[in-house]
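Structure incoming, see below.
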Amino acid sequence: MIKLLKYIVLLGVFCFVGYQAIKIYEQEVVKPRTMVKANSEAGMNSLFTNAATPRENNSLGNNTQLETGDPNSKQYRQAKSLNIFGGIGIMVLLVTVLWLVKNNKKRKEENKRISDELADSQEKLRYSYHELKLERNYRKQSQESLKNALETLKDANSLKDAFLSNISHEVRTPLNGIIGFTTLTGEEARKLGNSKIENFSRIVLSSSDRLLNFLNNVIDLSRIEARELNIKTEHCDLVEITKHTIASLGFVANEKALNVIVELDGFVPVLANYKYLSQVIRNILDNAIKYTEEGFVRVSLSNPVGNNDVTLCVEDSGIGIKPGFIDRIFEAFNQESTGMTRSFEGGGLALPLSKKLIEMMGGQIEIQSEKGKGTMVKIHLNKPATSYNDETIRLLSEKRMSLSSGQSGQSKTIFLIEDDSINGELIEAYLLGFAHVIVTKSGNEALLKLEKLNSENKSVDLFLMDINLPQDWDGTTLMNEIKNRWQLYSETPFIAQTAYAMKGDREKLLNEGFNDYISKPIKKTDLIKCINNQLVNQLMLHKITA
């Protein structure tokens with residue numbers, strides 16, 4: 001458009017120049033000639049009528065000269081120049097007009113080409129817009145589908161949690177009675193010398209323990225995968241935990257006539273979680289015993305001087321693992337033999353769960369195995385930052401042994417708050433000969449009993465408290481009331497015991513101030529182990545702060 005305007009302006013300039021040239025030509029050439037011719041005719045007429053003067057004759061001669069167009073005259077030269085300039089201007093004007101016509105034709109062709117390209121582009125844009133619209137609708141539908149799928153997964157996850165919670169509660173509740181009274185039955189049979197009843201009791205306990213351990217593995221693995229399990233580490237005695245776990249599996253090892261070699265001694269502190277470290281060691285030992293038909297299971301300890309970790313080694317002479325399967329040994333529900341032809345029972349959860357638990361405690365686990373020659377599992381754990389001198393280690397070891405045997409000569413007082421009479425009777429029977437147990441059934445009764453003990457200058461070594469209590473109290477509020485009312489109990493261990501063992505239950509209670517948590521069914525060995533752990537930790541705390 002701008003170029004066209006330029007051409008129009010240029011054409012106007014040429015037209016103006018041509019017009020001015022013609023106008024000047026008319027004024028300077030054509031008009032004077034007309035006047036000269038007229039004067040000449042008038043002069044001729046006067047020549048015949050009047051006598052001309054010399055001056056007039058000169059004028060006549062000059063006019064005659066103009067009419068004839070003398071090439072040397074100034075007017076003639078000007079007129080000639082104007083004629084040439086006007087001709088050139090007209091020629092330039094004609095050439096410009098022709099050029100403009102030709103250029104306009106090219107411009108039209110160019111415009112047509114651009115218009116066609118623009119039409120094609122518009123068509124492509126319309127097609128792209130249609131495609132984008134379809135894509136947007138597809139994405140919208142996909143988002144709706146994903147949203148629905150997410151809601152479905154949330155519902156399924158909620159149902160899974162509810163299912164596991166119900167299964168956990170429904171299994172733990174009867175197991176509490178089965179394990180508890182079977183334990184008492186076995187102890188009574190042993191006192192009466194009835195080895196047959198005692199052996200039956202061990203079989204029932206072994207089966208119950210296997211069922212409970214599998215249930216715990218399923219729930220814990222589910223919580224880890226959902227990132228709902230938080231592990232709090234503390235100072236633990238690796239030797240005590242390992243020996244206690246070996247003792248709980250001794251019956252199974254004896255049934256298979258396996259030689260269990262224990263190369264552990266002294267007090268070896270590690271930074272771990274007592275409950276989950278016990279579970280890991282149990283899983284490893286259970287696998288070693290299960291996959292070894294004859295030979296030995298050796299448990300040893302490696303504590304290199306100068307290193308920051310401690311290694312627990314569990315070695316067996318069992319069937320071993322194929323080289324190609326070792327890389328998949330830590331995958332959940334994955335077993336070397338599967339289906340109806342598999343040689344060994346199990347859910348394939350022990351090693352995957354153990355690996356995750358150890359890593360969450362800052363350690364590592366590794367496996368070395370050769371098919372037909374056995375397997376070695378190494379558990380690497382971190383040492384605590386606090387060091388213990390030899391005298392402290394000796395005292396702690398003696399304290400641990402005396403607590404385990406219940407023959408320390410010191411009177412341990414356990415204060416139990418439990419509203420269920422059966423469970424209270426069971427726990428009191430568990431701790432018979434191990435500690436003096438004071439049983440109360442409600443928060444108000446517990447406060448009155450503590451008031452009486454305080455007036456008699458007596459104290460309590462540990463509180464074992466049910467969470468669901470009658471009347472105006474629950475376990476947490478009662479614990480806080482006791483700590484606020486009596487300063488001497490501000491650092492006394494409080495252990496929560498409840499049938500709820502799902503996600504968040506343990507963490508919630510620990511965050512509320514409980515030192516430990518034990519879920520039903522409560523086994524005698526686990527209860528004593530939990531109590532021992534807290535009493536030893538209390539002694540450790542006093543030794544460190546002293």
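The basis for the numbers below is simple: all heavy atoms, side chains too, and nothing from hydrogens, waters or symmetry mates.
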For this session: Calculate, to the nearest 0.5 Å, the distance between atoms CG and CG belonging to L184 and L426 respectively.
Result: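 CG of L426 is found 6.0 Å from CG of L184.
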Exercise. Closest heavy-atom contact between L264 and S300?
Worked result: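 Here L264 and S300 meet closest at CD2-C, 4.0 Å.
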Problem set entry | Side chain proximity check, V297 to N259, heavy atoms < 4.5 angstrom | no
Exercise. Is a side-chain N or O of D316 found less than 3.5 angstrom from the main chain of R298, in a donor-acceptor match?
Worked result: no
Exercise. Taking side chain as C-beta onward, heavy atoms only, is I179 less than 4.5 Å from V204?
Worked result: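 In short, these two side chains do not touch, never coming nearer than 4.5 Å.
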For this session: Can you spot which of E425, K441, Q497 makes a side-chain contact (heavy atoms from CB on, under 4.5 Å) with E418?
Result: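 So the option named by the test is Q497.
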Problem set entry | Where F514 and T476 come nearest, the two heavy atoms and their spacing |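 Taking every non-hydrogen atom into account, CE1-OG1, 3.8 Å.
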Exercise. At their closest point, which heavy atom of C530 faces which heavy atom of I495, and how far apart are they?
Worked result: SG-CD1, 3.7 Å
For this session: Verify side-chain contact (heavy atoms from CB on, under 4.5 Å) between I321 and Y291, making sure each step is shown before the conclusion.
Result: CA-CA 10 Å; I321 305 171; Y291 294 109; over 6 Å; no
Exercise. Does the distance from a Lys or Arg side-chain N to an Asp or Glu carboxylate O, for R485 and E451, drop under 4.0 Å?
Worked result: yes
For this session: Show the numbers, then the answer: is there a side-chain hydrogen bond (donor to acceptor under 3.5 Å, both in side chains) between N480 and T477?
Result: CA-CA 5 Å; N480 293 330; T477 56; over 6 Å; no
For this session: Could you tell me whether a side-chain N or O of S490 sits under 3.5 Å from a main-chain N or O of Q487, the two making a donor and an acceptor?
Result: yes
Exercise. Hey, are the side chains of T375 and I319 touching, using non-hydrogen atoms and a 4.5 Å cut-off?
Worked result: no
Exercise. Is there a side-chain contact between T242 and V262 (heavy atoms, below 4.5 Å)?
Worked result: no
For this session: May I ask you to check whether over 12 heavy atoms, not counting those of E456, lie within 6.0 Å of atom CD?
Result: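 Yes, enclosed.
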For this session: Report yes or no: is the cationic atom of K412 (NZ for Lys, CZ for Arg) under 6.0 Å from the centre of the six-membered ring of F434, at an angle within 45° of the ring normal?
Result: yes
Exercise. Are any non-hydrogen side-chain atoms of W486 and V460 less than 4.5 angstrom apart?
Worked result: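 SC-SC contact between W486 and V460 ruled out.
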For this session: May I ask you to test the I467-L509 pair for a side-chain heavy-atom distance under 4.5 Å?
Result: yes
Exercise. So, for G443 and L478, which heavy atoms are closest and what is the spacing to 0.1 Å?
Worked result: CA-CD2, 3.8 Å
Problem set entry | Carboxylate-amine/guanidinium proximity below 4.0 Å for K355 and E359 |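 Salt bridge: yes.
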Exercise. Are K256 and E293 close enough for a salt bridge, meaning some N to O gap below 4.0 Å?
Worked result: yes
Exercise. Can V314 and M376 be said to form a side-chain contact (heavy atoms from CB on, under 4.5 Å), step by step?
Worked result: CA-CA 6 Å; V314 179; M376 175 181 287; over 6 Å; no
Problem set entry | Polar side-chain atom of T292 near backbone of I289 as donor-acceptor pair, under 3.5 Å |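 Answer holds: no.
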For this session: Could you verify whether a donor N or O on one side chain and an acceptor N or O on the other, from H380 and T311, lie under 3.5 Å apart?
Result: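 Side-chain D/A pair, H380 to T311: present.
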Exercise. Nearest 0.5 Å, what's the CG-CG distance between L488 and N454?
Worked result: 6.5 Å
Problem set entry | Qualifying residue, where the test is side-chain contact (heavy atoms from CB on, under 4.5 Å) with D461 and the options are I531, T492, T413 | T413
Exercise. Can you name the nearest heavy-atom pair linking T182 to S201, along with the distance?
Worked result: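 For T182 and S201, the tightest heavy-atom pair comes out as CG2-O, 3.3 Å.
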Problem set entry | Pairwise side-chain contact, T233 with L271, heavy-atom cut-off 4.5 Å (strictly under) |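 Of all side-chain heavy-atom pairs linking L271 with T233, at least one is under 4.5 Å.
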Exercise. How many angstroms lie between atom CG of D309 and atom NZ of K378, to the nearest 0.5 angstrom?
Worked result: 11.0 Å
For this session: Rounded to the nearest 0.5 Å, what's the gap from CD on E481 to CG on L450? Could you check?
Result: 10.5 Å
For this session: Using a 4.5 Å cut-off on heavy atoms from C-beta on, say whether the side chain of V299 contacts that of I261.
Result: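 With C-beta onward as the side chain, the pair stays apart.
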For this session: From the options Q534, E240, K232, select the one residue that forms a side-chain hydrogen bond (donor to acceptor under 3.5 Å, both in side chains) with Y274.
Result: E240
For this session: Could you tell me how the ring of F463 sits relative to the ring of F415: parallel (under 30°), tilted (30 to 60°) or perpendicular (over 60°)?
Result: tilted
Problem set entry | From CA spacing to verdict: side-chain contact (heavy atoms from CB on, under 4.5 Å), V280, L353 | CA-CA 8 Å; V280 169; L353 176 63; over 6 Å; no
Problem set entry | Check: E294 main-chain N/O paired with S317 side-chain donor or acceptor under 3.5 Å | yes
For this session: Give, for atom CG of L416 and atom OH of Y430, the distance between the pair rounded to the nearest 0.5 Å.
Result: 13.0 Å
Problem set entry | Distance-minimising heavy-atom pair for G374 and S369 | O-OG, 3.2 Å
Problem set entry | More than 12 heavy atoms from other groups under 6.0 Å of NZ on K483 | yes
Exercise. Has the side chain of N515 got a donor or acceptor atom that lies under 3.5 Å from a matching backbone atom of F494?
Worked result: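 Confirmed, N515 side chain pairs with F494 backbone.
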Exercise. Is K147 salt-bridged to E151, cutoff N-O under 4.0 Å?
Worked result: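 No, K147 and E151 are not salt-bridged.
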For this session: Decide side-chain contact (heavy atoms from CB on, under 4.5 Å) for V437 and L432; before the verdict, give the C-alpha distance in whole Å, the side-chain angles of both, and the deciding distance to 0.1 Å.
Result: CA-CA 8 Å; V437 181; L432 183 63; over 6 Å; no
For this session: Inspect the surroundings of CD in E512 and state if more than 12 heavy atoms from other residues, nucleotides or ligands are less than 6.0 Å away.
Result: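 Counting other residues, nucleotides and ligands, CD of E512 exceeds 12 neighbours.
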Problem set entry | Candidate pair E198 and R202, rule salt bridge (charged side-chain N to carboxylate O under 4.0 Å, His left out), full reasoning | CA-CA 6 Å; E198 182 183 1; R202 289 178 179 177; 3.1 Å; yes
Problem set entry | From H244 atom NE2 to I241 atom CD1, the distance as rounded to the nearest 0.5 Å |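 It is 10.0 Å, given to the nearest 0.5 Å.
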